[in-house]
Amino acid sequence: RLLQESALAEIANEDAHPRVRELARETVELGADLPAIAADIQRVTTELDSIEDQAKQIENTLNVSRQRLAIGGVSQAIGRLFAEERRNLPQVAQYRQQVRERRKTLSEIGLAQVRIEEERRALTPVTGRVEEIVAEIATDIGDEEDLEPIRTDVQRLLNARRSVLNQMASTYTTYLRALSDLDVAQRRLLDVAAEYKEFLDQNLLWIPNSSPVNTATITGLGPGIAWVLSPKSWADAVNEFVQSGQEHPVRTVLAVFLVGLALFVRRLLIKRNRAINQLVGRLSSDSILLTVQALGIAMVVALPLPLALFTIGWLLQQAPLTTEFTLAVAAGLLAVGPFLYNVRLFRILCSRNGVMHTHFDWGDKMLATIRRQLDFLIAVGVPLAFVAVLAYQSPDPATRDSLGRLAFISVMVVLAMVFIGIANPRSGVANNYYATHDTGWVSRLRWLWYILTAGSPIVLAFLALLGFNYTAAILTGEVVDTIW
């Protein structure tokens, strides 16, 4: 600071040579970033302490949880506690953005250290650099006596500059060490969290984390619905969405462009699909490439709405400041976006003159049954799935146990109804196959396939009714992944 004040005094001296004033200004500007870097070091150190404490806390909690399970055994109280611990574990995605930003900062520090080292070498020895600058000034001032005080000023300023460079080099080294320690601490935190997550996942699958459905489940619907429909919460979510767009303009413009592009090409691709259908079945024009094109067209035509929902959810997650409700909305949109896309894609493939009809010769009656069930799933199942995910993300356990669980059960009932309509051996899509291949083992076991298909959602709903909410959610994810 004293060095900077000295340099400022030189700048303020109007009688000083312009080259001296320039050198003084450069010295001040060189050290101008030091306070901000010191503040960053303090911030990183504070964050490091917090992460280390969090890692220690998770380790202690893991040890205590193991003891509780060993002593208390499987119980609803243990399951509820484990589910809450599982919910509060740090998420890997939370730190990925920080890691990317830290890499950028480390790169900038590296470049700054290279520049500092180059300047330090240029000032070694200082006397040589002093004479170079004095020689430049001597072209304007020929009197040696007049050059002597200038030489003294230049000597003092270059010494000050070297001191600032040394201080900056030391500060950047400290900053680099702090960031490295923070990176190691975050990796340790994630390792400990992953170990605890594995422990919870292994045990939660077989432990009820809620009481069976009772009157409290029904009475808890009111506050849960009020939380989901809160106008203030939705207004905050909209504001945070706008803030996210302002915070990430490039990503937002790119996302809007992709959604707009998908909408723009949709009509063109539908026309192209009609033209492709005219070529199918002709010996002179039919080709497997037509089927590949039709499949690609269907994949793009199904994209706009699911992509828009997914993009909104993603931008909400990127908002600089997010409420728990906004994060819950984001989780719901990110969950239903891919689900809706898969359902819409299959619905388009089974449409009149769609791929399944034109290219694979599926029957009209079969496709009509599939379309009817998929329309029902889109109209009823997708909104219920969004409500279920939204409610399960609530910070209030009562909302998760009431609205979240009942919405999940409703989704399972909808899926069961869809599977019943599609897989029924007498009226479903495979009834003709069963009738024409009644002696084959597939046809003989048709009622088993029907029970397994339609019964799976019912079993999952029953698990949720009994309080195995986590188990039902995990198994549902596995079932959905298997189907798609």
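Every heavy atom of this structure was used, including side-chain atoms; hydrogens, water molecules and symmetry mates were not. Here the structure is a predicted model, which means the values were calculated and not measured.
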### Query
With no hydrogens and no angle check, do the side chains of Asp401 and Ser210 hold a donor and an acceptor under 3.5 Å apart?
yes
### Message
Taking Leu307's backbone N and O only, do any of them form a donor-acceptor pair with Thr311's side chain (distance below 3.5 Å, no angle check)?
### Response
yes
### Query
Between Trp206 and Phe468, does the ring centroid distance fall short of 6.0 Å?
no
### Query
Under 3.5 Å, is there a donor-acceptor pair between the Ser65 and Tyr196 side chains?
yes
### Task
Would you check if there is a donor-acceptor pair between the side chains of Gln293 and Arg272 at a distance under 3.5 Å?
yes
### Verdict with reasoning, Arg80 to Glu85, per salt bridge (Lys or Arg N to Asp or Glu O under 4.0 Å)
CA-CA 9 Å; Arg80 187 182 294 273; Glu85 292 288 346; over 6 Å; no
#### Entry: Glu108, CD: over 12 other non-hydrogen atoms inside 6.0 angstrom
yes
### Query
Is there a donor-acceptor contact under 3.5 Å linking the side chains of Thr323 and Thr326?
yes
### Task
Go through the steps to decide whether Leu448 and Leu452 satisfy the test side chain to side chain contact (heavy atoms under 4.5 Å, CB included), and finish with yes or no.
CA-CA 6 Å; Leu448 175 61; Leu452 291 176; 4.1 Å; yes
### Task
Answer yes or no: are there more than 12 heavy-atom neighbours, outside Phe462 itself, under 6.0 Å from its atom CZ?
no
### Query
Taking the six-membered ring of Tyr470, is the NZ or CZ of Arg86 close enough (under 6.0 Å from the centre) and on axis enough (within 45°)?
no
### Task
Decide whether Thr291 and His359 meet the rule of one side-chain donor and one side-chain acceptor closer than 3.5 Å.
yes
